[in-house]
Enquirer: 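Below you'll find the structure I mean.
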Amino acid sequence: MKKIITIIFVLAAINYGQAQDAPHNTADKIISGSDSKVQIGGYAQIDYNQPINNGKISNGKLDVHRMILLFGYRFNERTNFITEIEVEHVKEVFVEQAFLSYKILPWLDFRGGLMLVPMGIINEYHEPPTFNGVERPNLDTKIVPTTWREIGAGFTGRIDNASVKYQVYIMNGFNGYNGAGVFRGTDAFRKGRQKGAESFISSPTLATKVDYYGILGLKLGFSTYNGKSQSTMFNGIDKDNSGAISVADSSVVGISMIGFDVRYISGGFEARGQINFANIKNTNQYNNFTEKDLGSQLFGWYAEVGYNLLHSTETEQKIVPFVRYEMYNTHAKTDGKLKINGAYDRTDITVGAGWWLSSGAVLKADYQFFSDATGYSSGMFNMGIGIWF
Amino acid sequence: MKVLILFSVVFLLADTSQSYGADFYSEKQVLKIIKSTLKEKDVLLVEKIDFDDFWGKSTPLIIYRFSRGAGEDLYAIFTQAKGRYDMFDYLIVVNLDFSIKKVRVIKYRSEHGGEIASKKWLKQFENYSSGELRYKKEISALSGATISAGSIVADIPLALNILKESCK
């Protein structure tokens, strides 16, 4: 009897399977590519970094720096879900983005989930074929902590008549204190990124960006970020306990960051630049409380020019030599007794070239000259492979 | 609280009447889009152009001849091109001499690349009728929208050729 029942179930299952239109499930859809509602994509960066230090032997580093797979699903014309799964250094898995977007009006989209903070160029557009140089600009590591993402919600949209795109999000902020201070002088907020991984919140932050592209070849961006850092010290404090709240306040800093970015392309010539400034409140109390050395002002900028040597040919390939000059100081100002550390006032010059085999595949090589205000200098030779599909 | 209520109302009242999906564009939608694109109340569809023998692509395409205002006749091509991850819908309004009068992106779906809907950028296609049309050469680059921009630049001459072949 059991055998008969089993056979009936198996036959029914086969019949049901054949009756359905393939593909059956998400994996099938992705593999077959037959359902346009499913989107797949990705990018990767494989690097060779060779530090050059006078009088010292330095090992080079070979690294699958990051590999990201994008999956999206369009539920209907208005509703879309996008996620990017990131594997860093082969073994560290992160979710880089995971958000739902809903088109309310042609010029107004709701977006919520784990999202990129719209600050500067690279934090949003960091696929290797979209920028020159093996590594991202260091401004976008030390001041804008790319890839900077947190959970939040808000609105974005385009006003086509004015050639303007806007983004306004309420987002979770940096972890500034979780039993010990997290921020530090060398790279300010970088260690405080919560990345949506069991993140905690004590007060929300506001991130905005406006892009203008109404002049042919030119794109201008203006970004802001405002809010306090997050602290676990507030958790469980009685609301009437002003003494404990006052102590907890010392574990928090107030952050106001602005960014201005510009990209320009004309013929084979391309240029881009970015300026970031951050004012940080309460750093004296924070540093005294946590024994850290966080600066009260951060300032940095870079300018880059390049030229596509193959511009006048008909090939889709590009060979772009470029030079980038950047200065970034995470101790532009300090508060209280904290002395300015000249090692955090850095200047980088990057000279190199990229060979785009197609728009989504590039081979890169460059040399970086590093120096700081203490007189220290060093260098690094980089080669890399970048892809994007 | 008031802000939350306002947003909730906006969500609920959002333009749900517009039909997304299923058919590409109905005659009613075609008329509505042409009128808003040309800012012209008086538009009449004259005929739907038959192009089956020439269009080898699987992407949707519909072409109408229409008249506007004081008897000016034009063509309207509704079709799609590939954005970052999704197809986007666009309209080409063409003069009877097959030169482009206007291009408009009707629906852009991908999360990135929507900048191509900029009226200023699309103005570059106006008066084009034949010859080379290359992204970053005849048509300016658009940072952050490279794939979509390259796609529409390649697609427009193809769609225009279908119209020319169909009208021979």
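Predicted model, so just to flag it, every value in this text is computed and none were measured. Numbered from 1 within each chain, the chains take letters A, B, ... in sequence-line order.
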Enquirer: Heavy-atom distances under 4.5 Å only: say whether A/Ser359 touches chain B with side chain, backbone, both or neither.
Expert: neither
Enquirer: Which residues in residues 139-148 of chain B have any heavy atom lying under 4.5 Å from a heavy atom of chain A?
Expert: B/Ser140, B/Ala141, B/Leu142, B/Ser143, B/Gly144, B/Ile147
Enquirer: How close do B/Tyr108 and A/Lys103 get, counting heavy atoms only, and between which atoms?
Expert: O-CE, 4.3 Å
Enquirer: Examine whether an atom of A/Arg111 lies under 4.5 Å from a heavy atom of chain B, and if so say whether it belongs to the side chain, the backbone or both; otherwise answer neither.
Expert: side chain
Enquirer: Does any backbone or side-chain atom of A/Tyr212 lie under 4.5 Å from a heavy atom of chain B? Answer side chain, backbone, both or neither.
Expert: neither
Enquirer: Is chain B contacted by the side chain of A/Asn80, its backbone, both, or neither, given a heavy-atom distance below 4.5 Å?
Expert: side chain
Enquirer: Given heavy-atom pairs under 4.5 angstrom as the criterion, report whether the side chain, backbone, both or neither of A/Ile121 touches chain B.
Expert: neither
Enquirer: Charged N to carboxylate O below 4.0 Å: is that the case for B/Arg109 and A/Glu77?
Expert: yes
Enquirer: At under 4.5 Å between heavy atoms, what parts of residues 121-136 of chain B are in contact with chain A? List them by residue number.
Expert: B/Trp121, B/Gln124, B/Glu132, B/Arg134, B/Lys136
Enquirer: For B/His112 and A/Tyr125, which heavy atoms make the closest approach, and how far apart are they?
Expert: ND1-OH, 3.4 Å
Enquirer: Please find the pair of heavy atoms, one from A/Phe389 and one from B/Arg84, that lie closest to each other, and give the distance.
Expert: O-NH2, 3.2 Å
Enquirer: Which pair of non-hydrogen atoms, one from A/Arg74 and one from B/Ser110, has the smallest distance, and what is that distance?
Expert: NH2-N, 4.3 Å
Enquirer: Top residue by heavy-atom pair count (under 4.5 Å) with chain A, among B/Lys120, B/Arg104, B/Glu111, B/Lys119?
Expert: B/Glu111
Enquirer: Using modelled atom types only, decide if a donor and an acceptor are shared between the side chain of B/Lys137 and the backbone of A/Ser312 within a distance under 3.5 Å.
Expert: no
Enquirer: Rounded to the nearest 0.5 Å, what separates atom OH in B/Tyr85 from atom CG in A/Leu70?
Expert: 4.5 Å
Enquirer: Of all the heavy-atom pairs spanning A/Arg158 and B/Glu115, show the shortest one and how long it is.
Expert: CD-N, 3.9 Å
